[in-house]
Amino acid sequence: MNENVKAVRAYRRNLCIALGLILLVFVLIPVFVKSPYVLNVFVLVFYMSTLSMAWNLLGGMTGQNSLGHAAYMGLGAYASCLLITKAGANPWLSAVFGMVVVGLVAGVIFYPCFILRGPYFTLVSIAFGEAMRQFIINSTFFGRASGVGLPFGKDSWLDFRFMSKVPYYYVGLVMVILIYLLMKKIERSRMGYALRTIREDEDAAAAIGINPTKYKIMAVVVSAMVAALVGFFYASYIRYIDPDLMVQAKSTESVLPAVVGGAAYVEGPLVGGLIMIPLSEFLRARFSAMLPGINMLLYAVALLAVIRFRPTGILGWYMHSRFKRFVDEKLLRKPPVEVFEAVEMEKHRGKEA
Amino acid sequence: MSIFLQACVNGLLMGGFYSLMGMGQNVIFGVMKIVNFCHGEMLMVGMYLTFLLSTNLGLDPYACVPLVAILMFLFGALIQHTLITPSLGTKSFTNLLFLTVGLGLLLSNGALVLFGSEYRTIPTSYAQTYIALGPVNLALPRLISFGVLIVISVALFAFLKYTTTGKQIRAVSQNPVGAEVVGINARRIYILTYGIGTALAGVAGSLLTGFYTIFPTAGASFGFRALIVVVVGGLGSIPGAFFAGIFLGVLETMVALFISPSYSDLIVFITFIVILVVRQLIIIRRK
């Protein structure tokens, strides 16, 4: 029995070392890579992956395919930017303000919309996003179509304002990690199980005592708040926002990393983002001067290829691949399932005694 | 008063296009229960096809309509056969959704790569011809388009109602398993319906070229309005789609006339959300 415990501990340690190494690589990248262009691509990967994780909570985990996440991101960006420019508030505080506002808006507006299911929910999310964008274009308070700019000035942590891309890189990295941990926490919580039950069968979920509306509202509020955080980050990084931030195409782009990476997994958007966004940026830099649109064209081909040939995404394929078996058994020394079960049994017996 | 009538007529003529797009979407959604998110892009492909045919072969844009219909039908059938049918088996709504979204991206960016982002028009001798009807002036190209639209709508209605194939399509839309039991090849019907839906979008695009500019994202607003038409007009109802399209067109011009043109999109989207929610509430009540 003791050997089993040792094997499990050794595996957990190996897993931690592997994750630590990956993290270390990301922490060290700005130390060795000085090119602002490459750093910019990484910052893009961070915030797009976070946005995609926000979508994945609602789309992948709850099965509510929203196509309006750019609107939450845009609203969050607008709410925090306006608080900074009009009231002179501290950016960090205004980030919290933006998240709260967007969470409230999403919760209140979507409350009646949650009686809609399947394609109808998708339609209402598109209509909601477009309506928000049109509202901002028509509102003088929101600066109409010309957008809102954030003040420039000296580098400062208090104002979240830097010339260099390195601080944004680290803040972006921290944001990805925190949101990932949050999503992982949700996945393993009561809420996560409820959401997945709703995804599989809403009526069955209601029958066994899960309140679908309550959990769907929780999912949409958390998802919208994370999207608003991304909006704040984007606004602070680019230092200028306009209603184009909220166009339909942006919502689609925010979904692609999750679908390509594997929407059933919390890690899906990270994997998809890490592959698709550098690819898209490379194509844009390499080809768009000659042939505008070629980067999105190849992006679309990649998406169609994944859906057609690997419907569960890259992670879905990896989970059942020989490569994963090789990684688990040879590199991480994962013990067989029986060993895990034995250890669990032992734990319970210990508790009872 | 004459401005009001003019706006009504313009809305009516534009609404015809929303109807035609909605009918195509309706046929696809009714049979396969998937929302075709590249429907607007199909309209755009129809526009560029007409542009190519008329500039290279010197055909009149309206003479291109039957050709475009046939080509778009084949295009749709090909897409259904190679991409959508295999994914229908996985039963994953998310994947089917993003399959059509991806197709839309592919088509609009494909057009951008092939034709650039320039706005194009097909010059015709009658583009600026107006017919006066009492206080109202009717642009000839819009009028011809509307006439063709009506003919196509009636033909589609009759096709679905009276022909054997039409009856098969309706059978599959009501109950795919039951339809297969009585010997209908559902895969064939899927290919047929996607072809028909695509052809309708293509024809709408082709008819638009008489008075509308051609550019890679021209279809987006029509694509979304087609969805509104389907929802408002009712699933599987061709007359419903027809009247919903007209309603939408008139609503748009009325908002533009009485409030402000820049608010017309906002009002359309909000109306749509309200109609969606109210419709669902009514359905729940009935149960």
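No hydrogens, no waters, no symmetry mates; every other heavy atom, side chains included, goes into these values.
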**Report entry** Side chain A:S223, main chain A:A54, donor-acceptor under 3.5 Å
**Finding:** yes

**Report entry** Among the listed options B:L105, B:V268, B:L227, B:V113, the residue most often paired with chain A at heavy-atom distances under 4.5 Å
**Finding:** B:V113

Report task. Check whether B:L103 gets within reach of chain A through its side chain, its backbone, both or neither, counting any heavy atom under 4.5 Å. Result -> both

Query raised in the report: A:G107 and A:V221: which non-hydrogen atoms are nearest, and at how many Å?
Result: CA-CG2, 3.7 Å

**Report entry** Option in A:L123, A:V259, A:V124 with maximal non-hydrogen atom pairs under 4.5 Å from chain B
**Finding:** A:L123

Query raised in the report: Can you tell which of B:V35, B:N95, B:V231 has the highest number of heavy-atom pairs within less than 4.5 Å of chain A?
Result: B:N95

Report summary line: From the list A:A302, A:A127, A:G59, the residue making the most non-hydrogen contacts under 4.5 Å with chain B is A:A127

Requested in this report: For each of A:G313, A:P311, A:G63, A:A263, tally heavy-atom pairs with chain B at distances under 4.5 Å, and name the one with the top tally.
Outcome: A:P311

Report summary line: Cut-off 4.5 Å, heavy atoms of chain B, and the answer for A:L67 is side chain

Query raised in the report: Given that the side chain runs from C-beta out, which part of B:L97 has a heavy atom under 4.5 Å from chain A: side chain, backbone, both or neither?
Result: side chain

**Report entry** Between OH on residue A:Y72 and CG on residue A:L75, distance to nearest 0.5 Å
**Finding:** 9.0 Å

Query raised in the report: In terms of heavy-atom proximity below 4.5 Å to chain A, should B:F98 be classed as side chain, backbone, both, or neither?
Result: both

Query raised in the report: What distance do A:S125 atom OG and A:L58 atom CG have between them, rounded to the nearest 0.5 Å?
Result: 8.5 Å

Query raised in the report: Cation-pi between B:R187 and B:Y190: NZ/CZ under 6.0 Å from ring centre and within 45° of the ring axis?
Result: no

Report task. Using non-hydrogen atoms and a 4.5 Å limit, figure out which bit of A:I307 sits close to chain B: side chain, backbone, both or neither. Result -> both

Query raised in the report: Distance-only, no hydrogens or angles: does the A:S52 side chain make a donor-acceptor pair with backbone N or O of A:S254 under 3.5 Å?
Result: yes

**Report entry** Side chain / backbone / both / neither for B:S117 at chain A, heavy atoms under 4.5 Å
**Finding:** neither

**Report entry** Side chain, backbone, both or neither of B:L114 within contact of chain A (heavy atoms, under 4.5 Å)
**Finding:** neither

Report summary line: Ranked by heavy-atom pairs below 4.5 Å to chain B, first place among A:V255, A:L256, A:I137, A:T252 goes to A:V255

Query raised in the report: Which bit of A:V306 comes within less than 4.5 Å of chain B, counting heavy atoms only: side chain, backbone, both or neither?
Result: neither

Report task. Answer yes if the ring centres of B:Y212 and B:F222 are under 6.0 angstrom apart, and no otherwise. Result -> yes

Query raised in the report: Can you find a heavy atom in the side chain of A:M183 that is under 4.5 Å from one in the side chain of A:T50?
Result: no

Requested in this report: Drop me the distance from A:M61's CE to A:R196's CZ, to the nearest 0.5 angstrom.
Outcome: 6.0 Å

